[in-house]
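A short write-up of the structure that comes next.
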Amino acid sequence: MSDDRVTADDVESAVRLAAGALRGAEAADWDGKAGSLEWSCWETVEHLADDLFAYAAQLGPQGPSLDTEVPFGWDAKRAGGPANVVFADRTAGPAGLMQVLEACGALLAAMVRTTPSTVRSYHTFGVSDAEGFAAMGVVETLVHVHDVAEGLGVGWQPDAGLCDRVLRRLFPDAPTDTDRWPTLLWATGRGEIPGYARLTRWRWYGEPRA
């Protein structure tokens, strides 16, 4: 396996580092806005955990659908809030929320590690393989923790190599000669890089690479 592939280990590493960074802000206002999002910091971490769970679930059926998501019942707790399957018990506090995040990350890592490379499953941004869902989980983790870290006032600086691997896997048109973390933020509509204006619309491409 070449070094530029996104793996289950990358999912585990991203989630572990994310939880470690956010655990340092347990006394902060988790009901404040997460960066430029309209969701609170708490809601954004719930959404992230839900994404990781959902990506794991897409790889789970014996014959994954190429046309639809696994039909869980999705619901939002308030108008404008994220529609999730996964919610954390507020009485467990931020420490409990981190457990939910880590548990969902572990589910995705386990599915990526055990799913044959030939398996394909639906995503709205392209039918993908296990590596693609791993990369999606890493991107969601890195950029949403950026949002939450802004809201909570904590630092967050992901590994450049990890950013590079997910950029190459999911954003084939992104520039390759720019700093990797700012480029991932640019690719997901969260910033500018030299020579490239901030994106107002963006997407990734989940289809397996040749």
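We count residues from 1, following the sequence as given.
Ionic pairing of Glu102 and Arg23 is present here: one or more N-O contacts between side-chain nitrogen and carboxylate oxygen are shorter than 4.0 angstrom. Salt bridge annotation for Asp4-Arg165: absent, with no cationic side-chain nitrogen under 4.0 angstrom from a carboxylate oxygen. With respect to Lys77 and Glu43, no salt bridge is recorded, no charged nitrogen being found less than 4.0 Å from a carboxylate O. Under 4.0 Å is where a charged nitrogen must lie from a carboxylate oxygen, and between Arg113 and Glu12 at least one such pair does. For the pair Glu131 and Arg5, the salt-bridge criterion is met [side-chain N within less than 4.0 Å of a carboxylate O]. One finds a salt bridge joining Asp147 and Arg190 here, because a Lys/Arg side-chain nitrogen approaches an Asp/Glu carboxylate oxygen to under 4.0 Å.
A side-chain donor from one of Thr91 and Asp89 sits under 3.5 Å from a side-chain acceptor of the other. Side-chain contact of Arg120 with Thr118: a donor-acceptor pair under 3.5 Å is absent, judged by distance alone.
Judged by a 6.0 Å distance limit and a 45° cone about the ring axis, Arg90 is positioned over the six-membered ring of Trp42. A cation-pi geometry, defined here as NZ or CZ lying under 6.0 Å from the six-membered ring centre and within 45° of its normal, holds between Arg203 and Tyr205.
Contact detail for Ala130 and Thr115: the closest heavy-atom pair is CB-CB, 4.1 Å.
How far SG of Cys41 is from CG of Asp29: 7.5 Å, rounded to the nearest 0.5 Å.
The ring-ring contact (aromatic ring centres under 6.0 Å, His included) test applied to Tyr55 returns His123, Phe133, not counting sequence neighbours. In this structure, Phe87 has no ring-ring contact (aromatic ring centres under 6.0 Å, His included) partners at least two apart in sequence or on a different chain.
Through direct or indirect side-chain contacts shorter than 4.5 Å among Ile, Leu, Val, Met, Phe, Trp and Tyr, Leu107 is connected to Phe53, Val70, Phe72, Trp74, Val85, Val86, Val100.
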**Message:** Test side chain to side chain contact (heavy atoms under 4.5 Å, CB included) on Asp179 and Ile193; report intermediate values, then the result.
**Reply:** CA-CA 8 Å; Asp179 290 343; Ile193 51 177; over 6 Å; no

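In this pair, His47 and His144 present their aromatic rings perpendicular. The plane angle is above 60°, beyond the 30 to 60° band.
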